[in-house]
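We name chains A, B, ... by the order of the sequence lines, and we start the count at 1 in each one.
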Amino acid sequence: MNSPSRDAKSEFERIIDDAILSAYGKVDFERKMLGDTIKYASSEFGDLSCSISFALARSLRKDPRKIAAEIAKHAKAGRLVAEIGAESGYINARLDRASYGSAVIERIAAMKKDYGRSEIGKGHRVFVESPSVNPNKPWHVGHLRNAILGSVISNLLEFCSYDVERENYIDDLGLQVAESVWGYMHMGNEPDKKFDTWLGEQYVMVNKRMSEKAAVKEEINHLVKRMEAGGTDEAKTAREIAEKCVAAQYETASMYGICHDILVWESDIVSEKLLEKALSVADKAGMLEKPKEGKYAGCVTINLDKVKELAKDFENPLEDTKVLVRSNGTATYVAKDFAFHMWKFGIIEDTFKYRTFIRKQVDGGELRTTSPSGERKRLGPADSVINIIDDRQRYPQLILKAAFKLLGYPEISSSIVHLSYGTVGVSGGSLSGRKGGWMGEDGRSYTADYLLEEVSKKAAEIVGNSKKVTDTSKVGEIARAIALGAIKFDFVSVAPEKDMLFSWERALKFEGDTGPYCIYTYARATRLLEKAGPAEHKLVEKDYSALGAGEFAVIKLLSVADEMVEKACRERRPNILTDYLLELCTAFSKFYEAVPVIGSGEAERARLAVVSSTRQTIGNMLLLLGIKPLERM
RNA sequence: GGGCCCGUAGCUCAGCUUGGAUAGAGCAGCACCCUUCUAAGGUGAUGGUCACGGGUUCAAAUCCCGUCGGGCCCGCCA
């Protein structure tokens, strides 16, 4: 079934094209341009508007207002597009409410859960990497922004028929983890709280001690080497601790309804010798330099001078040489990431062993992990990857793309997408893991756990007072869902590139442009349909001639759901979805408040169909955002 | 030295990629609307030099150049 919205736009385009022909004969203008000049108009002017007259003004040597009027005069109404007029240079059209309305509602009734879906990603495999938090601390609100973005982007991609692998990279060999492991082995403290939180607090203490005592620093540096060597006791202990920490982090993820498909551990990358394989591939391609003298003597490097055209960042950097392998033989972060991406794109064969990490996540899916022992399986290759990493890593991500260009894979280079997002700050400080900024003060921390706890508490107060929630045993569950809706919606609704300042006032807001408002709208629609009776809203009405302006405003918005989904997916801006959802909810609320539905006589059945379609669409959009629609609140 | 992101109402933010009609929401504040489908809502009024200066265009918040503010990046750290 075709989209009425797209049908209407192309019908309008055809009508205007014909009208131009009959008014002026053959006119020299770009046919493609016509479609671009057609937009949805604010309803005082009509439903659709076209600004082609301005473009034609030059070649026709006429006033655009005159042109618009002449085109409108020659235009013949179609099946969906009726009433064509002209005003101040624009050609405006009204849609035929009955035929457009029935087309939209029938489509939603037929597609149900699939309404809004798109096929643009069919046959395309994409890896989404997120949130890749170090396994030595709990998720804080900054990590949460990443995890939520990753989750919504993945949902969007799936809804657009992409084959999505949700991947979480775990760097268990870094200095950070080593510090935590050192603390675990030497500080003699017993975990007395959730393991990730406890470990994160250890880390802060160890870091302080390390900066005070050189001997500690040395021990930790030694520990890093022992961990990287693999097979050592230290390596085993480190992995055990890190796994325990990741398991704790996934308790958080699970509460937030955030799920992944695969964990990839740095220590497994090392033991599978991905780096050596990658360097050998790179060496064969002739992209590596091995200076014998000078500043980089004994290193393996690449030269960014050759990829200047890739980004302005490379034009005049302080240094155009990038080290992959240090003179002491260890690899840099960029080298590791390069190797990892060769694996993602299948340049290096997948020799990882996999086992189950979590049997069943909240979405029902299994979370697997790379592991020293387990089953072989091929995950790749990816057609493209989306790395959700904050803006500060823009430069290394560019180097990664540059490396593939140098390797001779320009198409891979352009298939690596860095979805860069702004940092989350807290007033008067940063969320530094090292210094413990995430721990907050006065008992209020910035962990994702604490955030959810606090927001749930406030939600529970409100739900507890709700006359609509009569089953008190459900209060906790409903409050939790509302809290999640509030938090997720808030994070997603800010454009990714913007920095955010976390504030409790903002986090605890349930009114206005918020997730709870959207859930509330859904609940209202649900109850209305319940009261109307079980059979009523299942009917698709044949006659929509009774639709008023309020209902039709809703229908117009309903009709563009798939276009909004596609746009949000293509541009990787999930806030397009929250904007759309708010607009839809607002239009519905206005309609809901303005006219009665039940007992409205002639109009009742058509209005119920609008309510039912809206409920379905709001529900679909909420699920895409990872928010649970509630029947009651 | 070079690069990136941000600057829109008192506050928090959409809109900018693809230029179009009087620049949109929410919050705060003001005035209203619950014996009537959930008031977490709706209505009305108020609130803007779209940081600033140029340019392109019939048309600029949107594109280009420059300036000023704020944040970030350019390591044999991770």
Side-chain angles (χ1 to χ4, degrees), chain A residues 36-37 39 41-42 44-45 49 51 53-55 57-58 63-64 87-90 92 134 171 173-176 224 295-296 298-301 311-328 330-333 336 390-396 398-399 420 422-423 425 459 462-463 466-469 482 486 490 493-495 497-501 503 505-506 509-514 516-521 523-532 570-571 573 575-576 578-579 582-583 585-586 589-590 592-600 607-608 611 632-633:
Chain A
D36 294 340
T37 61
K39 300 258 157 78
S42 68
E44 59 179 297
F45 295 116
S49 86
S51 60
S53 332
F54 296 100
R58 179 160 297 186
D63 183 344
E87 195 178 323
S88 44
Y90 295 85
N92 299 319
N134 278 323
D171 182 5
L173 294 184
L175 187 64
Q176 288 208 10
V224 172
K295 194 174 167 186
Y296 295 106
C299 295
V300 178
T301 65
K312 278 190 170 179
D313 296 60
F314 298 146
E315 274 173 19
N316 285 301
L318 293 173
E319 202 65 73
D320 58 13
T321 299
K322 185 71 207 167
V323 174
L324 293 189
V325 181
R326 303 180 189 107
S327 53
N328 68 5
T330 59
T332 60
Y333 176 80
K336 291 177 184 174
D390 78 66
D391 177 62
R392 290 171 298 192
Q393 299 226 34
R394 188 192 130 85
Y395 189 65
L398 269 174
I399 293 174
S420 155
T423 48
I462 298 170
V463 178
S466 166
K467 293 190 186 84
K468 301 296 167 183
V469 180
I482 290 168
D490 181 41
S493 60
V494 176
E497 68 276 8
K498 301 246 183 167
D499 289 343
M500 284 178 85
L501 191 68
S503 83
E505 192 195 345
R506 173 184 179 145
K509 211 181 83 179
F510 298 151
E511 285 160 17
D513 287 352
T514 62
Y517 170 58
C518 300
I519 304 174
Y520 174 75
T521 310
R524 277 174 131 186
T526 304
R527 285 285 286 157
L528 200 161
L529 294 170
E530 275 175 21
K531 289 203 172 167
R570 210 176 23 240
E571 297 178 18
R573 300 176 72 76
N575 62 308
I576 289 171
T578 49
D579 280 358
L582 279 174
E583 223 184 317
C585 289
T586 304
S589 297
K590 284 182 182 176
Y592 179 97
E593 302 263 353
V595 297
V597 175
I598 296 169
S600 59
R607 286 180 185 164
L608 277 172
V611 175
R632 219 159 279 223
M633 65 188 275

Given [options], identify the nucleotide with an atom nearest to the side chain of [X].
{"X": "Arg527(A)", "options": "U38(B), A21(B), G3(B)", "result": "U38(B)"}
{"X": "Ala495(A)", "options": "A14(B), G42(B), A40(B)", "result": "A14(B)"}
{"X": "Ile482(A)", "options": "A40(B), A21(B), U38(B)", "result": "A40(B)"}
{"X": "Ser327(A)", "options": "A21(B), C76(B), U38(B)", "result": "C76(B)"}
{"X": "Val323(A)", "options": "C37(B), C76(B), G71(B)", "result": "C76(B)"}
{"X": "Asp579(A)", "options": "C13(B), A14(B), A21(B)", "result": "A14(B)"}
{"X": "Arg524(A)", "options": "C76(B), G41(B), C13(B)", "result": "G41(B)"}
{"X": "Asn575(A)", "options": "A14(B), G75(B), U38(B)", "result": "A14(B)"}
{"X": "Val494(A)", "options": "C13(B), U38(B), G71(B)", "result": "C13(B)"}
{"X": "Ser589(A)", "options": "C76(B), G41(B), A40(B)", "result": "G41(B)"}

Whole angstrom value for the distance that separates [atom2] of [N] from [atom1] of [X]:
{"X": "Glu593(A)", "N": "C34(B)", "atom1": "CD", "atom2": "C1'", "answer": "10 Å"}
{"X": "Gln393(A)", "N": "C73(B)", "atom1": "CD", "atom2": "P", "answer": "10 Å"}
{"X": "Asp313(A)", "N": "G75(B)", "atom1": "CG", "atom2": "P", "answer": "12 Å"}
{"X": "Phe45(A)", "N": "A21(B)", "atom1": "CZ", "atom2": "P", "answer": "8 Å"}
{"X": "Tyr592(A)", "N": "U43(B)", "atom1": "OH", "atom2": "C1'", "answer": "16 Å"}
{"X": "Leu501(A)", "N": "C6(B)", "atom1": "CG", "atom2": "P", "answer": "18 Å"}
{"X": "Glu319(A)", "N": "C73(B)", "atom1": "CD", "atom2": "C1'", "answer": "15 Å"}
{"X": "Asp391(A)", "N": "C74(B)", "atom1": "CG", "atom2": "C1'", "answer": "13 Å"}

Describe the nucleic acid contact of [X] in one word from base, sugar-phosphate, nothing, applying a heavy-atom distance below 4.0 Å.
{"X": "Val224(A)", "answer": "nothing"}
{"X": "Ala523(A)", "answer": "base"}
{"X": "Tyr333(A)", "answer": "base"}
{"X": "Asp171(A)", "answer": "sugar-phosphate"}
{"X": "Asp490(A)", "answer": "nothing"}
{"X": "Val463(A)", "answer": "base"}
{"X": "Ser49(A)", "answer": "base"}
{"X": "Gln176(A)", "answer": "nothing"}
{"X": "Lys590(A)", "answer": "sugar-phosphate"}
{"X": "Asp499(A)", "answer": "sugar-phosphate"}

Handout entry: Nearest-nucleotide 5' precedence on RNA chain B, Lys336(A) against Ser42(A)
Key =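 Result: Ser42(A).
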
Handout entry: RNA chain B: 5'-proximal contact among Glu505(A) and Glu497(A) (nearest heavy atom)
Key =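 Residue closer to the 5' terminus by nearest nucleotide: Glu497(A).
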
Does [N] have its OP1 or OP2 closer than 4.0 Å to a side-chain nitrogen or oxygen of [X]?
{"X": "Lys509(A)", "N": "U12(B)", "value": "no"}
{"X": "Lys498(A)", "N": "G7(B)", "value": "yes"}
{"X": "Arg506(A)", "N": "C13(B)", "value": "yes"}
{"X": "Arg573(A)", "N": "G15(B)", "value": "yes"}
{"X": "Tyr517(A)", "N": "G42(B)", "value": "yes"}
{"X": "Arg58(A)", "N": "U57(B)", "value": "no"}
{"X": "Lys531(A)", "N": "U38(B)", "value": "yes"}

Now, which nucleotide makes the Watson-Crick or G-U wobble pair with [N], with each of the two distances under 3.5 Å?
{"N": "A9(B)", "answer": "none"}
{"N": "C4(B)", "answer": "G71(B)"}
{"N": "U62(B)", "answer": "none"}

Practice task
Using a strict cut-off of less than 4.0 Å between a Lys/Arg side-chain nitrogen and an Asp/Glu carboxylate oxygen, indicate whether Asp313(A) and Arg394(A) qualify as a salt bridge.
Solution key: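 Yes, charged N to carboxylate O under 4.0 Å.
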
Provide the distance between the two [atom1] atoms, one in [N] and one in [M], to the nearest whole Å.
{"N": "C64(B)", "M": "C16(B)", "atom1": "C1'", "answer": "14 Å"}
{"N": "G29(B)", "M": "A45(B)", "atom1": "C1'", "answer": "12 Å"}
{"N": "C65(B)", "M": "G71(B)", "atom1": "C1'", "answer": "23 Å"}
{"N": "C50(B)", "M": "C73(B)", "atom1": "C1'", "answer": "28 Å"}
{"N": "G70(B)", "M": "U43(B)", "atom1": "C1'", "answer": "39 Å"}
{"N": "G66(B)", "M": "G3(B)", "atom1": "P", "answer": "9 Å"}
{"N": "U17(B)", "M": "C63(B)", "atom1": "P", "answer": "5 Å"}
{"N": "G42(B)", "M": "G10(B)", "atom1": "C1'", "answer": "25 Å"}

Donor-acceptor pair, side chain of [X] and main chain of [Y], under 3.5 angstrom:
{"X": "Thr514(A)", "Y": "Ala486(A)", "value": "no"}
{"X": "Thr301(A)", "Y": "Thr321(A)", "value": "no"}
{"X": "Thr332(A)", "Y": "Leu324(A)", "value": "yes"}
{"X": "Asp499(A)", "Y": "Thr423(A)", "value": "yes"}

Practice task
Report yes if a donor N or O on one partner sits less than 3.5 Å from an acceptor N or O on the other, where the partners are the side chain of Ser466(A) and the base of A40(B); otherwise report no.
Solution key: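 It does not, because no donor-acceptor pair links the side chain of Ser466(A) to the base of A40(B) below 3.5 Å.
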
Taking all non-hydrogen atoms of both residues, which atom of [X] and which atom of [Y] are closest, and how far apart?
{"X": "Ser493(A)", "Y": "Asn575(A)", "answer": "O-CB, 3.5 Å"}
{"X": "Tyr395(A)", "Y": "Glu319(A)", "answer": "OH-O, 4.2 Å"}
{"X": "Pro596(A)", "Y": "Arg607(A)", "answer": "O-NH1, 2.8 Å"}

Exercise for the section: Examine the side chains of Ser589(A) and Tyr517(A) and answer whether a donor and an acceptor come within less than 3.5 Å of each other. Expected result: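 Side-chain D/A pair, Ser589(A) to Tyr517(A): present.
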
Exercise for the section: Identify whether the glycosidic angle of C34(B) places it syn (within 90° of 0) or anti. Expected result: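 Syn for C34(B); the angle stays within 90° of 0.
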
Exercise for the section: Take Phe510(A) and Ile462(A) through the side-chain contact (heavy atoms from CB on, under 4.5 Å) test and state the conclusion after the steps. Expected result: CA-CA 10 Å; Phe510(A) 298 151; Ile462(A) 298 170; 3.4 Å; yes

